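Note that the coordinates shown come from a computational prediction; the quantities given were computed from them, not determined experimentally.
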Amino acid sequence: MLGPVTCPKCPGEMQEGFLLETGRGSDPQPKWVSGRPSVNAFGGIQTAERDVRRVQTFRCLRCGFLESYAAEPGR
């Protein structure tokens, strides 16, 4: 995607990001990380100095639509 994209539900600007699933003994809840993924020297995803937030997802009981939110830090 090039440049900002408008939210399909409102006229807000969308910020590019990705979901990071860690698991393996750490917090298993997916995280949203700002920017594009970049690999560190050990083959993992770099998250230092990035905005990292827990992801909260809701599912419509009628149609199954999923909507995810990147919670504010500390939630």
Side-chain angles (χ1 to χ4, degrees):
M1 269 188 241
L2 299 174
V5 178
T6 304
C7 174
K9 301 240 180 221
C10 71
E13 182 179 318
M14 302 294 286
Q15 181 181 20
E16 182 176 3
F18 61 97
L19 295 180
L20 177 65
E21 297 189 25
T22 53
R24 296 188 185 174
S26 61
D27 183 358
Q29 186 171 6
K31 307 289 185 292
W32 178 89
V33 181
S34 64
R36 294 183 179 202
S38 121
V39 178
N40 63 26
F42 302 104
I45 299 293
Q46 287 183 306
T47 59
E49 300 180 21
R50 292 189 184 213
D51 184 10
V52 179
R53 299 170 184 233
R54 293 177 73 143
V55 174
Q56 188 175 20
T57 304
F58 298 87
R59 179 183 67 88
C60 175
L61 295 174
R62 185 172 186 185
C63 72
F65 178 75
L66 296 177
E67 190 157 34
S68 297
Y69 295 88
E72 292 299 317
R75 286 189 168 176

Ignoring hydrogens and geometry, is there a side-chain-to-backbone donor-acceptor pair from Arg50 to Ser34 under 3.5 Å?
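Pair found, side chain donor or acceptor close to backbone of Ser34.
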Considering residues, nucleotides and ligands other than Glu67, do more than 12 of their heavy atoms fall under 6.0 Å from its CD?
yes
Hey, can you pull the donor-acceptor pairs under 3.5 Å for the side chains in residues 38-48, sequence neighbours left out?
from	atom 1	to	atom 2	distance (Å)
Ser38	OG	Gln46	OE1	2.6
Asn40	OD1	Phe42	N	2.9
Asn40	OD1	Gly43	N	3.1
Asn40	OD1	Gly44	N	2.9

Go through the steps to decide whether Lys31 and Arg53 satisfy the test side chain to side chain contact (heavy atoms under 4.5 Å, CB included), and finish with yes or no.
CA-CA 5 Å; Lys31 307 289 185 292; Arg53 299 170 184 233; over 6 Å; no
Residues Cys63 and Cys60: closest non-hydrogen pair is N-SG, 3.3 Å
Set of residues satisfying side chain to side chain contact (heavy atoms under 4.5 Å, CB included) with respect to Cys10, sequence neighbours excluded:
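By the side chain to side chain contact (heavy atoms under 4.5 Å, CB included) rule, Cys10 matches Cys7.
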